[in-house]
Amino acid sequence: MLSKIVGSVVGTKNDRELKRMRKVVTKINAQEAGVQALSDEQLQQKTEAFKARFQKGESLDALLPEAFAVCREASLRVNGMRHYDVQLIGGITLHEGKIAEMKTGEGKTLMATLAIYLNAISSKGVHVVTVNDYLAARDADLNRPLFNFLGLTVGVIYSQQPAQEKVDAYQADITYGTNNEYGFDYLRDNMVFSLSEKKQRPLNFCIIDEIDSILIDEARTPLIISGQAEDSSRMYALINTIIPVLVRSKDEEANKNNEDEDFWIDEKNRQIEISEKGYEKIESFLIEVGELGENESLYSPSRLPLLAHVQAAIRAHHIFVKNVHYIVDEGEVVIVDENTGRTMPGRRWSEGLHQAVEAKENVEIQAENQTLATTTFQNFFRLYDKLSGMTGTADTEAAEFKSTYDLEVIVIPTHKPIARVDMDDQIFLTKLGKYKGIIREIKEIQDKGAPVLVGTATIEASEELSYLLDQEGVKHNVLNAKQHEREADIIAQAGSPKSVTIATNMAGRGTDIILGGNWQSFIEDIDSVSADEMQRLKAQWQVKHDQVVAAGGLHIIGSERHESRRIDNQLRGRAGRQGDPGMSRFFLSLEDDLMRIFAGDRVVNMMRAMGLKEDEAIEHKMVSKSIENAQGKVESRDFDARKNLLKYDDVANEQRKVIYAQRDDLLDDMDLLDAIEVMHHEVYNAMINQFIPPGSVDDQWNVDGLEDELEEEFKVYMPLNDWLDEDRRLDEEGLRAKIIETALAHYHGRREQMGEQSAAQLERHFMLQSLDKHWKEHLTQMDQLRKGIHLRGYAQKNPEQEYKRESFELFQMMLGAIKSETVQDLSRVHIPTKEELEALEAQQRADAERMKMQFEHNDVDNLSGEPQPTPRPQNQGERANGQMRVNLAGGVAAGASASAGVSIPDDASDAEPNPYAGMNISRNAPCPCGSSLKYKQCHGKI
Ligand code: ADP
């Protein structure tokens, strides 16, 4: 109320913005005479001139009036359409990175050309986003002549597009495509193996058409690329056959060096070790079956993953026991929780162990369907330097656009005053009564000679109505948003006299309904049309058009109120374009979901008390009001749900940014040696800590253990006991320094043997491989964490804080695992030959190829149609949100990634006490949290 009073004195913010923009419109109009005087050629040369001025430092804002005037004049010459002044305001709005709310039929497609043209001058790319492929191609085709005239190129992206064509589309000045395709391309670009394979340029400016559909309605469905990380089921089965042949040491400790045995097991720690003889046996087996070349070894760079298979198979056979650690239930291996004895269906061991057990049990080896990459539309679109959008209905969601995307909504006045009449709702007792009322109304409208569009919320409702209309013999079309192109044709004719069209909310969107029908679409199907024929068709159309106008224009019937007022407004907005006459009315019944759940008893009682018959309706302000209240409640509930999803994805988003930036650095050929050295320090220090706690005295040390572990993990033998004997003054710090120094010297020695180039290649390979592998596993873990986190609410914990804290811990553990795996691989690998390095490259290319094939299959299907479960925190209170930054391998992140951090709450740094502290868990055993790290590397960290 107060804002209304204030608004009427100083004008609303929207009014003030419009006033400001009108001044710019005056400037644009002032340029008009000048550009009109230019020849076509001179007009076309303007683009190059603008580009040159921009390069010299002139801003796009400064160029705006002249550039808009050029675009408007070019449009008039090319398309015969001169942008209206309100369209100029729309163009300014988009250029300013805001949302232009313009009613249906106001010409948003043409309006957008202004901002597209201006921003294309920067040559950094302009992306136009549409809700389906049909609209992307249609709008590109509509605007291409104009842009080509102005010397700009236009590209269209679509799914399963040939690679080069897509690259060209992204290189074009202006690119059209769907939100899904842009999002998927972004994810795919972050899975490539060289920078040259990336398709997108840095995300610069984007205009989202029907922005409310994309950023609000679709925002609860994340984009997911999933697939099999690797199809190795054959390999698991093959390696499974060698296990019975390998001889296990009987006495694990005493026989450690027994030459006859192939491997021994540390049962306590659930670790295995393979003897030299064992390796030889495995290698000759693999050579025999053709998995290893004659001169290859398991320590060849490309064969290390094979070694992991063998280790998993041995563990599956000799450590994991059926009916103790797992059961086999209906052909599936189900993990048993050792602490509780309960089965954990759906959970799988990681790192190939689960498949190895499946091979052992001779059940189907399940392909791991892993999330390879995921993001939400919210977080994807926020990556653009500048984001803008247009729609007929944004104002009801202005608060959400502001808070989620920092986007302002400008409500732009219509070119001509709106002549549509919006009638009050008609309310019936039952659904059947409502349908009868709708059919009666349709017939009346038809009798007048006017067209009618009936909007339904569901396909079922469309079908029910269609059935009843058939029974009454009323001819009609039914659309349900499945065949975009055909529907666009039908919708284009939905304005013909007496036509009846039933459509779900989504159907035929983006296509204008022209009173009298769209006569131009008739010509499109004819090869050549004479001028006379054209005149005749147009005259025919004019008669129909006049007939429809006289009958009151397009009539809209809503067969139900949608949960969101915005969707209702979209339906209403289909009538009354460009000052056309029109009518809209909603028909409701007390049996509609929204009414059942939200309409107060007062309404129901009142209607019953009135003694209405089934097909009688009432129109009452109180009812309309109570429905709007109900819609308001649902809208704010949905907004909360989206906010919640976003809160969770924000955490993942920061991590995603860090990992993607790291990946880019790795692909960018930068020197990794510094980073590798830092990693050595960290990884060795962490290992030393397990045996020689920092600040401890020497009788707390486990020197033998450390000696063994160093040899086992990194294949470096260091005579620690000798060092200590030789130098009595060697303290903890000294020893630590000497170990790391030796390790680094060892590594540098190996590097020299390899040669700089090979070493650098291997470093990049192992790091990238490890980063990708652990990131994918991390995504799965995050997913599990999110699904389970709402239970924390019951334990008096704030799920959101818990999620932040735990995902941060998981992320840190992942970084640790990447580092230690990289150092381990680099220390273990054989000095590769030239051929081996070539094989490695070939493998990487094959991996890339495999990914590509998967993408092609995944394109359409993997956009999960199911909304993600949205956890609802019990306690919404925010805590102080301090920040801490982590970075993978310090030195690696020299560039952009150095600033990309992970935000965690202050209180997360002083992590909770170890929940397993009281339990007697071996340090080398897998951590009971299920992270697949050793306990000592995970919750058991000192
Ligand atoms: P919206 O997307 O806003 O509903 P469209 O972009 O589909 O509207 O445009 C509606 C119709 O108006 C189209 O046929 C378009 O060619 C026409 N139109 C738009 N702007 C102008 C203009 N300035 N002059 C003449 N016709 C226009």
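All values reported here derive from a predicted model rather than from experimental measurement. Counting starts at 1 for both ligands and their atoms, in listed order.
Note that CE of Met583 is 9.0 Å distant from CG of Leu554, once rounded to the nearest 0.5 Å.
Closest protein heavy atom to atom 25 (C) of ligand 1: Tyr84 OH, 3.4 Å. Scanning the protein heavy atoms around atom 1 (P) of ligand 1, the nearest turns out to be Gly105 N, 3.4 Å. The nearest heavy-atom contact from the protein to atom 5 (P) of ligand 1 is Gly107 CA, 3.7 Å. Protein heavy atom nearest atom 6 (O) of ligand 1, with residue, atom name and distance: Thr109 OG1, 2.8 Å.
Side-chain atoms of Asp61 and His95 form a donor-acceptor pair, as typed in the model, at a separation below 3.5 Å.
Of all the listed residues (Gln87, Arg574, His83, Glu106), Gln87 holds the heavy atom that lies closest to atom 20 (N) of ligand 1. Taking each of Arg72, Arg82, Met81 in turn, the one with a heavy atom nearest to atom 23 (N) of ligand 1 proves to be Arg82.
Of all atoms in ligand 1, listed by their number and element, those nearer than 4.0 Å to a heavy atom of Leu110 are 20 (N), 21 (C), 22 (C), 23 (N). Within ligand 1, counting atoms from 1 as listed, the ones closer than 4.0 Å to a heavy atom of Lys103 are 3 (O). Below 4.0 Å from some heavy atom of Thr104 lie the following atoms of ligand 1, by number and element: 4 (O).
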### Query
Do Glu165 and Tyr158 pass the side chain to side chain donor-acceptor pair (under 3.5 Å) test, and can you show the C-alpha distance, the side-chain angles, and the key distance before you say yes or no?
CA-CA 10 Å; Glu165 197 185 314; Tyr158 55 90; 2.9 Å; yes

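Other residues, nucleotides and ligands contribute only 12 or fewer heavy atoms inside 6.0 Å of the NZ atom of Lys416.
By the 30° and 60° cut-offs, the orientation of the rings of Phe50 relative to Tyr117 is perpendicular.
Under the 3.5 Å distance criterion, the side-chain polar atoms of Glu106 are left unmatched by any main-chain donor or acceptor of Gln87. Between the side chain of Thr456 and the main chain of Ser559, no donor-acceptor pair closer than 3.5 Å is present.
Contacts between Asp512 and ligand 1, counted as non-hydrogen atom pairs separated by less than 4.0 Å, involve the side chain only.
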